[in-house]
Number of protein chains: 2
Amino acid sequence: MAKIKPEKNTSKKEVIIKKAASLFRIKGFNAASMRELAEDVGVEAPSLYNHIGSKSELLQIICFKVANQFTSQLNHVENTNNTVTGKLELIIRFHINMMLGEFDEIFVANHEWKYLQEPFLSNFLNQRRNYEKHLVAIIEEGVKRKELKNINPYVAVLTILSAVRGLEFWQRHKKNISTKVLEDDMVTHLLKGMTLLLQTQKHKK
Amino acid sequence: MAKIKPEKNTSKKEVIIKKAASLFRIKGFNAASMRELAEDVGVEAPSLYNHIGSKSELLQIICFKVANQFTSQLNHVENTNNTVTGKLELIIRFHINMMLGEFDEIFVANHEWKYLQEPFLSNFLNQRRNYEKHLVAIIEEGVKRKELKNINPYVAVLTILSAVRGLEFWQRHKKNISTKVLEDDMVTHLLKGMTLLLQTQKHKK
DNA sequence: TTACAAAACTAACGGTTATTAGTTTTTGTA
DNA sequence: TACAAAAACTAATAACCGTTAGTTTTGTAA
């Protein structure tokens, strides 16, 4: 009898997923064809189906891999003993690093999730909604503790998530600035603002 | 002889564009079919071509209408005598109001521009790049005048544009908060930050 | 070598797409 | 009422799509 799952098999499927993430990002899920994906992988289109179930399955795998990474990281942050500001900083930095490190997958999860089929679509949206609610709760606590200004927590979450998400445009400027400056400046901007109040500015550069 | 362009004609084309913006937003440009659009308009698909040139033309019209609105508003702001902070506030509020008022068109311009054909694709990206450069210049001036912290201007532009763009997710929470609070809180968050700093923070990681 | 499964291939299917051609209906005016 | 243009319709086309069926090749273990 042959082995159930030779290592090679899993590996090939992962290659396909990685190429799919890249292709879906560049062309969009609908515009990306299985024939194109096959060419990237180096086989004919029908051969892909020896490793995957369907085009739709590829999208599911990509989207939920991303969603699960964020969910588990948020749980980890919650189990630390940081201040609210400290937690927010950790979360913002995690988002930034994910965006810079697993760009294709995150881009696809952010832009192409709407093409998920049920029940995956509902599951995905639920997971995202819970993530946001969790962030809102953190900020509410920060307001209660007078760590944060009394701004609407939903607006704050929306602003932060959208801002870090915008790093998908970063590629264009990559050469002009280090990721450390990017990370620090964005954390500063989102937490402390960009205007110079009279009191504090010993911002060095 | 009949009139060259009876008002009705222009009007019908505008109806088609409006419905197209809505459909493209909901289903995505590629997934939206001309048959679906025709049904929304109330005719058969081929009849659309009495009013428009192609599906692609619809996308062009939507994208450039949005781009031109932002470009001309930015020029208008530049011709005022505001402080840099005042200019930024005007721009942020304009983005927010556009996002809330012409949601479909802006969503499509933000998400589906990649399906523009050349040379429209290049034109669109150029226009967007120029818009960003203009904003960078404004912020650089603010830093020079010591109105703003010495954060990287590109990072600041990226953060602001991404944050206001994120209002596309706002619909979900619409009922819980007024647009005035939304607008004010977001301006506060982006310009002055969300942390209550009573002291000089030497928060260093 | 033999045997067998994994994984590649070719060919083809049914379905959908944007769009064109050609024809009929509607509409506005002279 | 008559006429011409605008705009609707039906029918059809060529191109692609994801996927299946059936067959051949490849790789590995006995």
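These numbers were taken from a predicted model, which means no experiment stands behind them. Letters go in sequence order (proteins before strands), and every chain restarts at 1.
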Legend entry - Whole-Å distance separating the CZ atom of Phe29(B) from the P atom of dT17(C): 13 Å
Inset, instruction - Using a 4.0 Å heavy-atom cut-off, write out nucleotides 20-25 of chain C from 5' to 3' as B (base contacted by protein), S (sugar-phosphate only) or - (no contact). - result: B-----
Legend entry - Donor-acceptor pair under 3.5 Å, Asn50(A) side chain vs dA6(C) base: no
Inset, instruction - Indicate, with a heavy-atom threshold strictly under 4.0 Å, whether Ala31(A) touches base, sugar-phosphate, or nothing. - result: nothing
Legend entry - Gap between atoms CG and C1', on Asn30(B) and dT16(C) respectively (whole Å): 13 Å
Inset, instruction - For side-chain contact (heavy atoms from CB on, under 4.5 Å), just list the numbers for Arg128(B) and Phe70(B), CA-CA rounded to whole Å, side-chain angles, deciding distance to a tenth of an Å, and then say yes or no. - result: CA-CA 9 Å; Arg128(B) 199 173 67 172; Phe70(B) 279 106; over 6 Å; no
Legend entry - Flag if over 12 foreign heavy atoms under 6.0 Å of NZ, Lys133(A): no
Legend entry - Any-strand Watson-Crick or G-U partner of dA30(C), both distances under 3.5 Å: dT1(D)
Inset, instruction - Inspect the surroundings of NZ in Lys19(A) and state if more than 12 heavy atoms from other residues, nucleotides or ligands are less than 6.0 Å away. - result: no
Legend entry - Neighbours of DNA chain C within residues 34-45 of chain A, by heavy-atom distance under 4.0 Å: Arg35(A), Val43(A), Glu44(A)
Inset, instruction - May I ask you to evaluate whether His51(B) reaches the phosphate of dA6(D), defined as a side-chain N or O under 4.0 Å from OP1 or OP2? - result: no
Inset, instruction - Find the distance Glu57(A):CD to dT19(D):C1' and express it as a whole number of Å. - result: 14 Å
In a table with atom names and distances, give each donor-acceptor pair under 3.5 Å that connects a side chain of residues 118-127 of chain B to protein atoms at least two apart or in another chain.
residue, atom, partner, partner atom, Å
Glu118(B), OE1, Ser122(B), N, 3.3
Glu118(B), OE1, Ser122(B), OG, 2.7
Glu118(B), OE2, Ser122(B), OG, 3.0
Gln127(B), NE2, Asn68(B), OD1, 2.9
Gln127(B), NE2, Thr71(B), OG1, 3.2

N/O donor-acceptor pairs under 3.5 Å from side chains in residues 57-66 of chain A, not counting sequence neighbours:
residue, atom, partner, partner atom, Å
Glu57(A), OE1, Gly53(A), N, 3.2

Legend entry - Main-chain N/O of Val155(B) paired to Asp185(A) side chain as donor or acceptor, under 3.5 Å: no
Legend entry - Within residues 107-115 of chain A: residues closer than 4.0 Å to DNA chain C (heavy atoms): none
Inset, instruction - Assess whether atom NZ of Lys144(A) is packed by more than 12 heavy atoms of other residues, nucleotides or ligands within 6.0 Å. - result: no
Inset, instruction - Respond yes when some side-chain nitrogen or oxygen of Ser47(A) is under 4.0 Å from OP1 or OP2 of dC9(C), and no when none is. - result: yes
Inset, instruction - Report yes if at least one side-chain N or O of Lys12(A) is closer than 4.0 Å to OP1 or OP2 of dA8(C); otherwise report no. - result: yes
Inset, instruction - For atom CD of Glu78(B), decide whether the heavy atoms of other residues, nucleotides or ligands shown that lie under 6.0 angstrom number more than 12. - result: yes
Could you pull out all donor-acceptor pairs under 3.5 Å where a side-chain atom in residues 95-107 of chain A meets a protein atom, sequence neighbours excluded?
residue, atom, partner, partner atom, Å
His95(A), NE2, Tyr131(A), OH, 2.8
Asn97(A), ND2, Arg93(A), O, 3.0
Glu102(A), OE2, Gln69(A), NE2, 2.9
Asp104(A), OD1, Arg25(A), NE, 2.4
Glu105(A), OE2, Lys18(A), NZ, 2.8

Inset, instruction - Could you check how far NZ of Lys27(A) sits from C1' of dC16(D), rounded to whole Å? - result: 12 Å
Inset, instruction - Give the rounded distance in Å between these two atoms: CD1 of Ile16(A) and P of dA6(C). - result: 16 Å
Inset, instruction - Answer yes or no: is there a donor N or O on one side and an acceptor on the other, between the side chain of Glu147(B) and the main chain of Thr85(B), under 3.5 Å? - result: yes
Legend entry - Partner of His134(A) by side-chain contact (heavy atoms from CB on, under 4.5 Å), out of Ile138(A), Asn130(A), Val136(A): Ile138(A)
